[in-house]
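One structure is given here, and the rest of the page talks about it.
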2 protein chains.
Amino acid sequence: MLQKRIDDQPSISPEMVREAQGILHQHLKKVGLKQTAQRDTILRTFLDTREHLSTDELYRLVRKKDPKIGYTTVYRTLKLLAECRLASEVAFHDGIARYEHQYNRRSHHHMVCTDCGSSVEFFSNEVERLEQDIGRKYRYMTTRHSFQIYGVCEDCRKKNGAARVV
Amino acid sequence: MLQKRIDDQPSISPEMVREAQGILHQHLKKVGLKQTAQRDTILRTFLDTREHLSTDELYRLVRKKDPKIGYTTVYRTLKLLAECRLASEVAFHDGIARYEHQYNRRSHHHMVCTDCGSSVEFFSNEVERLEQDIGRKYRYMTTRHSFQIYGVCEDCRKKNGAARVV
DNA sequence: TCGATCTTGAAAATGAAATTCAAAATCGCC
DNA sequence: GGCGATTTTGAATTTCATTTTCAAGATCGA
Ligand SMILES: [Mn+2]
Ligand SMILES: [Mn+2]
Ligand SMILES: [Zn+2]
Ligand SMILES: [Zn+2]
């Protein structure tokens, strides 16, 4: 899946990788789980990307670093990363769960092309504020929100236009 | 699933049922499909509710009116209703697709309790405007958006608070 | 009425997510 | 360093909503 990005952030620095691993290790200790080489490999592979990865996509990347790591472990580790706020699930409504970096990352939303699946990220303070306002109004203790815009990107409109002429 | 409602609209009038059926029949003719008793029964059952129904929930209601109607027909008819804008899918992220009335209904969004699954509806012009703004900015032809707030409702907080004391 | 076309619904297939379980690894403790 | 209780791993299996299949039945224009 293609990714068009608004911000062109550099890949994550070694210090941030160490910091992120520290967060994972601390979380593991806190909930009585154990450090493993698999979990570290999966975290490092995840940090190496800036995409919105499905479990399967991350699994394929992890396999290159250690072919013995199984799909189930990747699936379970992604849940762990979400637990300690290193990753968060993004809903593109294509029927599969996707994850992206969350640590040291500015909160943002996505506009998704329903033709090619590519996406752009955008920022909106209004949406953040709305969560607070509506939560207060109806006495919910809000935890998160989900906001996506769907449409057809310029490239796909051009392609489809050309196809129609033929 | 419980439904707390902001607006307390009366159940749909006979005129609106007729009107909605007209819209379905017109759509069927337009795309070369046929009128059937099953489709009419499913539409009427759907209009009788004001909930956010899963296919299975609607199927159970339809069965009471005509036990011979199968799950697959309900599933397919809900897609038809969405096609002709009588229904729309709502994403509560509980793993199943839900549908609600769309015809003559003000556009709105949902705040969902992650404990009990109940929801409140709210209105926001800002969100509608944001779809336009972001679409224009990144040259997407936008078709729709999806916005939900998640949290814990007051009732669930009370219950959990009580449980904690015990 | 006729017949081409569409519909129906039980059954099967699909596919992502979740669970199972026995062998292997971790880590606090001595 | 080694012990052993506890957790992890990963292949295999299960789950479950959704989607497809297909043969018998219904629709509707001519
Ligand atoms: Mn993103
Ligand atoms: Mn609603
Ligand atoms: Zn596109
Ligand atoms: Zn609740």
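Residue numbering restarts at 1 for every chain, and letters A, B, ... go by the order of the sequence lines.
Residue I96(B) places its side chain closer to dA17(D) than to any other of dA17(D), dT7(D), dA11(D). Comparing dG10(D), dT8(C), dA17(C) by their closest approach to the side chain of R76(B) singles out dT8(C). Here the side chain of T36(A) is nearest to one of dA18(C), dT27(D), dT26(C), namely dT26(C). The side chain of K29(B) approaches dG29(D) more closely than any other nucleotide in the set dG10(D), dT8(D), dG29(D).
Residue K79(A) has a polar side-chain atom (N or O) positioned under 4.0 Å from OP1 or OP2 of dA18(C). In this model, the phosphate group of dT9(D) is approached by a side-chain N or O of R39(A) to a distance below 4.0 Å at OP1 or OP2. OP1 or OP2 of dA18(C) has at least one side-chain nitrogen or oxygen of Y75(A) nearer than 4.0 Å. At dA25(C), none of the side-chain N or O atoms of Q38(A) fall inside 4.0 Å of OP1 or OP2 (strictly under the cut-off).
Separating the CD atom of E89(A) from the P atom of dA16(C) is a distance of 14 Å, rounded to the nearest angstrom. Atom CG of L33(B) is separated from atom C1' of dA26(D) by 14 Å (rounded to the nearest Å). Here dA26(D) presents its C1' atom at 14 Å from CG of D40(B), a figure rounded to the nearest Å. Atom CG of D66(B) is separated from atom P of dG9(C) by 8 Å (rounded to the nearest Å). Distance, Y71(B) OH to dT7(C) C1': 18 Å, rounded to whole Å. One can place CG of D56(B) at 9 Å from P of dT18(D), the figure rounded to the nearest angstrom. Atom C1' of nucleotide dG9(C) and atom CZ of R63(B) are separated by 13 Å, given to the nearest angstrom. Rounded to whole Å, the distance from CG on L28(A) to P on dT26(C) is 13 Å.
In terms of hydrophobic clustering, with Ile, Leu, Val, Met, Phe, Trp and Tyr side chains grouped at heavy-atom distances under 4.5 Å, V152(A) and V112(A) are assigned to different clusters.
D56(A) has a carboxylate O that lies under 4.0 Å from a charged side-chain N of R60(A), or vice versa, which qualifies the two as a salt bridge.
DNA chain D is contacted by both K68(A) and Q35(B); K68(A) maps to the nucleotide lying nearer its 5′ end (nearest heavy atom per residue).
If you check the side chains of E100(B) and H52(B), you find a donor sitting under 3.5 Å from an acceptor.
In terms of polar N and O atoms assigned as donor or acceptor, the side chain of K34(A) comes within less than 3.5 Å of the base of dT6(D) in a complementary pairing.
Residue contacts shown for A97(A) are limited to sugar-phosphate atoms, with no base heavy atom under 4.0 Å away.
Ring pair H93(A)/H93(B) is perpendicular by interplanar angle, where above 60° counts as perpendicular and below 30° as parallel.
Shown here are the salt bridge (charged side-chain N to carboxylate O under 4.0 Å, His left out) partners of K68(A), two or more places apart in sequence or in another chain: D66(A).
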